[in-house]
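I have placed the structure first, in the form of structure tokens, so that the comments after it can refer back to it.
The shown structure was predicted, so the numbers you read here are calculated from the model rather than taken from an experiment.
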Amino acid sequence: DARVTQTPRHKVTEMGQEVTMRCQPILGHNTVFWYRQTMMQGLELLAYFRNRAPLDDSGMPKDRFSAEMPDATLATLKIQPSEPRDSAVYFCASGPGTGSGNTIYFGEGSWLTVV
Amino acid sequence: AQSVTQLGSHVSVSEGALVLLRCNYSSSVPPYLFWYVQYPNQGLQLLLKYTSAATLVKGINGFEAEFKKSETSFHLTKPSAHMSDAAEYFCAVSENTGFQKLVFGTGTRLLVSP
């Protein structure tokens, strides 16, 4: 059963610390997304990769957030330094191609709390 | 810019009653539309999608949605609610531009009472 795998599932960290979230997309998927979910803002697209190249990261605060795909099986989202307002659920998702109607599959999320 | 509006942040129904969750979209080009469901402490799971084939789309768990271009709507329905349907439901739109970028609505929490 193919699925998007995210680690860690839960993370509590202190303000100012670096946080790295990892995602393994479904094998063969060439598009990867990072979404953030909060009560106030709902689901926001942070970054979008195709064939490991970043296509759109306009939703991501550039001063503290960075997203990369070191290889086709790993996507990372890093926050440095973290702040309490970064507390949220971060979802990774992957898709099988460039068609707009293709289904995007979500991981179970990384629940981040910054204290 | 594309967007979706979900009317009602919470919808309450009794078990066995009709479920109707509303979604209206705005798009400058023919859209692709999706409904996702999120159960507590889980990720989003696709319920169904409209990709310009049949306007009435059937999904998993007995849900269906009808694309109405004249009303710019894509409402989600289920004839008879089950307790297990209690979850958050998100409508999303993707423009037919070759990119899979989804824009989500704010979500509707479905509450089902016995």
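- In this structure, chain B has a heavy atom under 4.5 Å from the side chain of A:Q37, while its backbone stays farther away.
- Taken to the nearest 0.5 Å, the CG atom of A:L46 stands 7.0 Å off from the OH atom of A:Y90.
- Highest contact tally toward chain A, considering only B:Q42, B:Q38, B:Q45, is held by B:Q38 [criterion: heavy-atom pairs under 4.5 Å].
- Here B:K78 does not pair with B:E64 in a salt bridge; the nearest charged N to carboxylate O distance is not below 4.0 Å.
- For the atom pair CZ (B:R22) and OG1 (B:T5), the distance works out to 13.5 Å, reported to the nearest 0.5 Å.
- Aromatic ring orientation, B:F104 versus B:F90: perpendicular (interplanar angle above 60°, classes split at 30° and 60°).
- Contacts of B:L44 with chain A are made by both backbone and side-chain atoms, with heavy-atom separations under 4.5 Å.
- With a 4.5 Å cut-off on non-hydrogen atoms, A:I104 touches chain B through its backbone and its side chain both.
- For the residue pair B:K49/A:T103, the side-chain donor-acceptor check at 3.5 Å is satisfied.
- Contact annotation for B:Y50: neither backbone nor side-chain heavy atoms come within less than 4.5 Å of a heavy atom of chain A.
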